[in-house]
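Note sheet for the following structure.
Below, read A as the first sequence line, B as the second, and so on, with proteins coming before strands; counting in each chain starts at 1. Just so you know, these numbers come straight off a predicted model, no measurement behind them.
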There are 4 protein chains.
Amino acid sequence: MTRRTPLMLQIVTGDPRPIARQIVDGIRRQIVAGELEVGAALPSVRGLAQQLAVNPNTVAKAYNELSAEGWLDTRAGLGVFIATPRQRLSESERARRLEEAVQRFIGDVIALDYPADEVLERISYELGKCVPRKTA
Amino acid sequence: MTRRTPLMLQIVTGDPRPIARQIVDGIRRQIVAGELEVGAALPSVRGLAQQLAVNPNTVAKAYNELSAEGWLDTRAGLGVFIATPRQRLSESERARRLEEAVQRFIGDVIALDYPADEVLERISYELGKCVPRKTA
Amino acid sequence: MTRRTPLMLQIVTGDPRPIARQIVDGIRRQIVAGELEVGAALPSVRGLAQQLAVNPNTVAKAYNELSAEGWLDTRAGLGVFIATPRQRLSESERARRLEEAVQRFIGDVIALDYPADEVLERISYELGKCVPRKTA
Amino acid sequence: MTRRTPLMLQIVTGDPRPIARQIVDGIRRQIVAGELEVGAALPSVRGLAQQLAVNPNTVAKAYNELSAEGWLDTRAGLGVFIATPRQRLSESERARRLEEAVQRFIGDVIALDYPADEVLERISYELGKCVPRKTA
DNA sequence: GTGGTCTAGACCACG
DNA sequence: GTGGTCTAGACCACT
């Protein structure tokens with residue numbers, strides 16, 4: 001039987017990220033961190049919507065995005081499940097996206113004038129929390 | 001007397017950042033890197049708009065944002081100048097922005113499944129290019 | 001200046017595919033067939049919605065999917081453009097998807113009891129219409 | 001007397017097709033391939049449901065669909081049997097379905113950028129496995 | 001009950 | 001004007 005994981009997630013209204021993005025990021029992180037087991041059932045669209053006090057469409061959008069990216073399997077009439085991990089993107093696409101993220105990050109952070117060590121330490125810490133496993 | 005720095009900047013249409021953001025980031029980066037000297041005059045709004053082939057409103061918006069953050073001084077009738085360096089943001093605001101940028105970066109990069117060292121190395125390299133000073 | 005390609009597309013109500021999917025397929029096909037040039041602007045979300053007599057959200061969804069797949073570049077405030085082609089998926093993911101499509105197709109077609117040659121000829125013809133270019 | 005064919009079938013949870021569809025496809029495929037003889041009895045609805053560990057309603061739905069299409073005969077009180085072969089669909093219906101399947105397949109596959117030969121070879125191979133006869 | 005799709009209409013950021 | 005996001009509520013298919 002598949003446990004309906006209660007799913008720890010919270011929407012921060014002050015966060016500049018749109019709600020659907022917060023849900024996507026939150027779930028993806030938990031999957032990567034191994035806090036959600038492969039095959040486990042997530043809360044239903046309507047259920048999570050109620051829990052987070054947002055519109056079901058917003059949750060559906062987040063679930064759809066995660067499915068499109070291969071993180072979730074969604075089966076009409078049954079529910080949404082953690083998919084078996086796989087490398088979906090080509091090497092060039094991964095490199096392109098890393099570059100884009102780095103450029104954006106530098107742009108955001110450079111103005112703050114933090115010492116490089118401090119920034120690196122923060123990133124390193126967060127990365128450490130999330131990447132215990134190797135390539136799928 | 002004020003040199004009219006020609007200002008090396010280029011707008012990349014493929015870049016996902018809005019144009020104003022590209023201008024802001026670009027100028028800020030050059031100030032931080034010391035490529036733009038304190039007191040130097042920037043091109044006029046209309047001038048830069050023409051040079052970059054973008055809407056003058058867009059350039060004005062970028063200049064305004066940089067002025068609001070304390071990077072530029074706008075002197076009516078004279079033009080726009082690089083402001084004297086000082087602490088441009090409150091401590092809490094800086095911390096908040098760093099945190100925001102880190103979270104976003106992690107969210108973007110976590111899905112790519114790169115080894116942490118590689119990510120850190122990229123960040124470190126880019127940071128090194130831009131932050132020769134310790135603190136402002 | 002970027003031409004606003006009028007975009008030949010029609011929604012078939014009898015088609016079992018959802019509307020957004022029809023739009024996605026139609027545009028993707030035209031891009032692959034080279035009927036839409038890289039960099040060309042597509043009709044605006046609202047414009048195409050009116051042309052096809054569907055809800056703007058539906059068009060937006062289609063455009064979003066195509067952007068997520070890397071076929072389109074969408075720039076807020078400017079419009080939607082044909083992106084430069086690139087291979088976004090990993091080799092294994094491509095193989096997986098081909099397999100899935102083949103299985104589904106066989107399942108659909110096997111019951112119809114057409115001679116294999118006839119089926120192959122149809123596929124071949126349609127494929128020929130769409131694949132004049134090589135890998136990006 | 002009617003042999004109770006044990007019916008080799010397996011439901012794949014990862015398969016994007018709904019369960020009823022998988023059953024329909026599987027049985028149809030075996031009939032077409034001649035693995036199920038005309039007149040042979042199929043497992044009862046409840047029996048197959050138990051064997052596959054799915055809801056009996058799902059099996060009943062599949063059997064009904066196959067009966068409606070003329071592949072099975074349901075004889076009250078006796079069970080379900082492979083029907084005698086005849087033209088199960090009108091000519092126009094067959095053509096319509098082929099067209100539909102082709103369009104969907106092309107839509108799925110076109111984005112993967114495989115050389116036409118490779119796609120045709122895959123289809124041809126799978127078709128060969130299932131269509132030993134010329135016409136029914 | 002589950003997810004998927006579509007419509008309608010509001011509000012925001014960007015140019 | 002452009003696209004992006006969210007809400008609200010209806011209808012459908014699947015189990």
Inset, instruction - Determine: side-chain N/O of N64(C) to OP1/OP2 of dG3(F), distance under 4.0 Å, yes or no. - result: no
Legend entry - Nearest-angstrom distance from the residue atom CD of E65(A) to P of dG3(E): 17 Å
Legend entry - Between dT5(F) (P) and I11(A) (CD1): distance, integer Å: 14 Å
Inset, instruction - Would you give the length of the straight line joining atom CG of L66(B) to atom NZ of K61(B), rounded to the nearest 0.5 angstrom? - result: 12.5 Å
Legend entry - Heavy-atom side-chain contact between I27(A) and L42(A) under 4.5 Å: yes
Inset, instruction - Using the closest heavy atom to pick a nucleotide of DNA chain E for each, name whichever of R46(C) or G77(C) lands nearer the 5' end. - result: R46(C)
Legend entry - Range-with-range stems of DNA chain E (Watson-Crick or G-U pairs under 3.5 Å, three or more in a row): E:1-14 with F:1-14
Inset, instruction - Mark yes or no for whether R75(C), through its side chain, and P18(B), through its backbone, hold a donor-acceptor pair below 3.5 Å. - result: no
Inset, instruction - Could you tell me whether D25(D) and R21(D) make a salt bridge, using a distance below 4.0 angstrom between a side-chain N and a carboxylate O? - result: yes
Legend entry - Polar side-chain atom of R97(B) near backbone of L112(A) as donor-acceptor pair, under 3.5 Å: no
Legend entry - Length of the CG-C1' vector between L78(C) and dT2(F), whole Å: 7 Å
Inset, instruction - Enumerate the residues from residues 15-25 of chain C whose closest heavy atom to DNA chain E is under 4.0 Å, giving them by residue number; use none for an empty result. - result: P18(C), I19(C), A20(C)
Inset, instruction - Please report, rounded to the nearest Å, how far the P atom of dT2(E) is from the CG atom of D73(A). - result: 18 Å
Legend entry - Selection: residues 47-62 of chain B, any non-hydrogen atom under 4.0 Å of DNA chain E: T58(B), K61(B)
Legend entry - Under 3.5 Å: donor-acceptor pair, side chain of E65(B), backbone of V24(B): no
Inset, instruction - For the pair S67(A) (side chain) and Y63(A) (backbone), establish whether a donor and an acceptor sit closer than 3.5 Å, ignoring hydrogens and angles. - result: yes
Inset, instruction - Output yes when a side-chain donor or acceptor of E100(B) lies under 3.5 Å from a complementary backbone atom of P16(A), and no otherwise. - result: no
Legend entry - N-O pairing of R96(C) and E99(C) below 4.0 Å: no
Legend entry - Flag, side chain of E93(C) to backbone of L89(A), donor-acceptor distance under 3.5 Å: no
Legend entry - Donor + acceptor pair across side chains of Q51(B), R46(B) (<3.5 Å): no
Legend entry - Toward the 5' end of DNA chain F, by each residue's nearest nucleotide, A76(A) or T74(C): T74(C)
